[in-house]
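Here is the structure we will look at.
What you see is a predicted model; the values in this text were computed from it and never measured. Chain letters run A, B, ... following the sequence lines, proteins first, then strands; residues in each count from 1.
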Number of protein chains: 2
Amino acid sequence: MADRRPTLADVAHAAGVATSTVSRAFSRPQRVNHRTRERVLAEAERLGYVPNPAAQALESGRTRTIALLVPDITNPYFSGVIKGAERGAANAGLTLVLGDTAESSAAEAQLVRRLERAVDGFVIAASRLTDDELRTAATRTPITLVNRATAGMGCVVADYDSGTHQIVDHLASYGHRSFVFVGGPAESWSGARRWQGLQAAAAERGMEVRRSGPYLPTLSGGPAAADAVLASGATAVVCHNDILAIGLMRRLAERGVSVPGEISVVGFDDVFGADFCHPTLTTLAERTEDAGRRAVELLVTQVPLRQAGGPTRVLPTQLVVRGSTGPVTSM
Amino acid sequence: MADRRPTLADVAHAAGVATSTVSRAFSRPQRVNHRTRERVLAEAERLGYVPNPAAQALESGRTRTIALLVPDITNPYFSGVIKGAERGAANAGLTLVLGDTAESSAAEAQLVRRLERAVDGFVIAASRLTDDELRTAATRTPITLVNRATAGMGCVVADYDSGTHQIVDHLASYGHRSFVFVGGPAESWSGARRWQGLQAAAAERGMEVRRSGPYLPTLSGGPAAADAVLASGATAVVCHNDILAIGLMRRLAERGVSVPGEISVVGFDDVFGADFCHPTLTTLAERTEDAGRRAVELLVTQVPLRQAGGPTRVLPTQLVVRGSTGPVTSM
DNA sequence: ATGAAAGCGCTAACAC
DNA sequence: GTGTTAGCGCTTTCAT
């Protein structure tokens, strides 16, 4: 182990100045004589001085750390959000703490409470908390939401209105007159928005929609969903997310049902895997990496202002047409 | 925003005791009169007191935070490591900071330096630093490695000796007399270990092996690898990782080559997607979640002891046989 | 068992 | 432009 690490005082002594000058040399370069600053920095470098973040935080009350909370770290949908947030944090010189809420609102609330003094703010993706819980927490520490809109705080959401229209138009262009929405968890905010959008878009097109589910938004949710879809006689299905869609397609393949020959399948998210499953999946791509980065930016800009509110940023979505959708077979 | 948060002094005042008593009530319950402690805790609860981690860290020098560094957060291989580490940290009451080193040794070194004062230790997965750089860094802050063995520090690695034997035995059982190893990045420690293991196992079986590459360990590395393999006339290939294997299989499909009919394909990692690509991929599964958790445990046990060294933990691997491997076609 | 008081390393007024 | 000096909130001797 190294000996005691050099402190501000060590650098100050070595450079023959006061500690405040050293501090300023780092944090307010303008307010220090250029030559003095050079000397201080040189001494700091020579001594291998690194500021102690705990001490900085204690004084300033700011930790230069933010937390990102996601329901499941291993879900590839959140990988993009995590990466984007990590980039955004790095750009802003912030440290990113990652928390997995295990899809539980209790765990989420506990994590917020545990970390609120250790971080300057939270980015919460797909929060399971109620609007009220979120707003209460936001009075203590700034919060920005990803894929969840709650009045009074910064939100970054995907444009599901446009996205669901794109999906419906695509299916209509292939001659489908109706489709089934294979729903995910009932509490999912994005699930509700997707379903609303699909209903509205279908109504405009004069198409008929039904909803099936809820199902687990995992590969294992696929078989039950597939069987329900088969029973319904649908020519097309739109699934809550890609993973569920892939699980559903696997089951359809097992049962000898051709995709897209007999049934067209559409997913949401364009996760890793959507372009190499079989058949490749037509899906609505979200800019998850952008979402993570923007959420951090939103948080950073509102932190210094100490304002609780924040505008909602809507990120574009785009339909990626692949092999799982095709024309209706007239029988 | 909330008013000033209650401090130790507020609680002490409210309970009519000294701050040191409040501090002890939390950290050394034994050394405080039972009734006093009850009263203090009640007041703390009533005021909504939460200790300020920065102040705790400043005094004690310990932050109760550890950092996990990975080359690429979006790589599904690391998702398991991240999840495991998150769990391990949560179990130990530690906060986990996540860093993405962007597959760059410079970024990794910078991140270590930037965080070393803010955390009590590092878990570094697939480190790109040299052994010397790692050992130097470890003298300042404890470090544990995942999938990288460096003498003198705690390491968690997969059992590639057993794993590569499993792969070779599997191919031999299907009648393959030779195979090609499709290599990843030259600097990859695990890549080197895999190749060593395969060579040794093949030699024992009297099989012939050649190496091709290096290739990008991504889907986009697949086409070049596939074409090289075709030119070689191999009956079986073992790829650096699953992603590369899937990219390679896609290219083979494009070129009308049947898998496993004409060529058998084996991957490493068993990442998300290996069970739904087409054909499903035979691959060597690693216990990545265990690895992450164990690495944190190793770090935690060595931190209090302030000992730099640490034993290497070897985690079992197992071959998952799926649809991408089959018998040699005699032509 | 409890209190008083000295810092931990740094920032921010406020002087000079 | 630079130095002096109070703390930030907590832990930890050292008394009592």
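- In the set dA12(C), dG3(C), dA1(C), the nucleotide with an atom closest to the side chain of Arg28(A) is dA12(C).
- Here the side chain of Arg294(B) pairs no donor or acceptor atom with the backbone of Val156(B) at under 3.5 angstrom.
- Taking the side chain as every heavy atom from C-beta outward, Leu134(B) and Ile124(B) approach each other to under 4.5 Å.
- For the segment residues 43-59 of chain A, residues with any heavy atom less than 4.0 angstrom from an atom of DNA chain D are, sorted by number, Leu58(A), Glu59(A).
- A donor-acceptor contact shorter than 3.5 Å links the side chain of Arg64(B) to the backbone of Ala92(B).
- Rounded to whole Å, the distance from CZ on Arg117(B) to P on dC8(C) is 13 Å.
- Checking side-chain atoms of Arg37(B) against main-chain N and O of Val32(B) turns up no donor-acceptor pair under 3.5 Å.
- Atoms CZ (Arg64(A)) and P (dC10(C)) sit 16 Å apart, rounded to a whole Å.
- Distance, Gln30(B) CD to dT2(C) P: 14 Å, rounded to whole Å.
- Although no hydrogens or angles enter the test, the distance criterion places no donor-acceptor pair under 3.5 Å between the side chain of Gln56(A) and the main chain of Pro51(A).
- One finds no side-chain N or O of Thr19(B) lying less than 4.0 angstrom from the OP1 or OP2 phosphate oxygen of dG3(C).
- Regarding Arg31(B), its CZ atom lies at a distance of 16 Å from the P atom of dG3(C), rounded to whole Å.
- Annotation: side chain of Ser79(A) is not in contact with side chain of Lys83(A) (no heavy-atom distance under 4.5 Å).
- Here Ser23(A) reaches the OP1 or OP2 of dT11(C): one of its side-chain N or O atoms lies under 4.0 Å away.
- The shortest side-chain heavy-atom distance between Asp72(A) and Glu103(A) falls under the 4.5 Å cut-off.
- If you check every strand for non-hydrogen atoms under 4.0 Å, Val22(B) touches nothing.
- Residue Arg39(B) contributes atom CZ, which lies 11 Å from atom C1' of dT2(C) at whole-angstrom precision.
- Between Leu8(A) atom CG and dT4(D) atom P there is a gap of 15 Å when expressed in whole angstrom units.
- The closest donor-acceptor contact from the side chain of Thr301(B) to the backbone of Leu298(B) lies under 3.5 Å.
- Comparing atom distances between the Thr36(B) side chain and each of dA12(C), dC10(C), dA1(C) picks out dA1(C) as nearest.
- Per the geometry, CG belonging to Asp10(B) stands 9 Å off P belonging to dG9(D), to the nearest Å.
- Between the C1' atom of dC8(D) and the CZ atom of Arg5(B) lies a distance of 14 Å, rounded to the nearest Å.
- Residue Thr21(B) places none of its side-chain N or O atoms closer than 4.0 Å to OP1 or OP2 of dT2(C).
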Go through it in stages, so that I can follow the logic: the residues are Arg140(A) and Glu116(A), the test is salt bridge (charged side-chain N to carboxylate O under 4.0 Å, His left out), and I'd like the CA-CA distance, side-chain angles, deciding distance and then a yes or no.
CA-CA 8 Å; Arg140(A) 324 186 94 231; Glu116(A) 63 182 4; 2.4 Å; yes
Between protein and nucleotides 13-16 of chain D, what N or O pairs are separated by less than 3.5 Å?
none

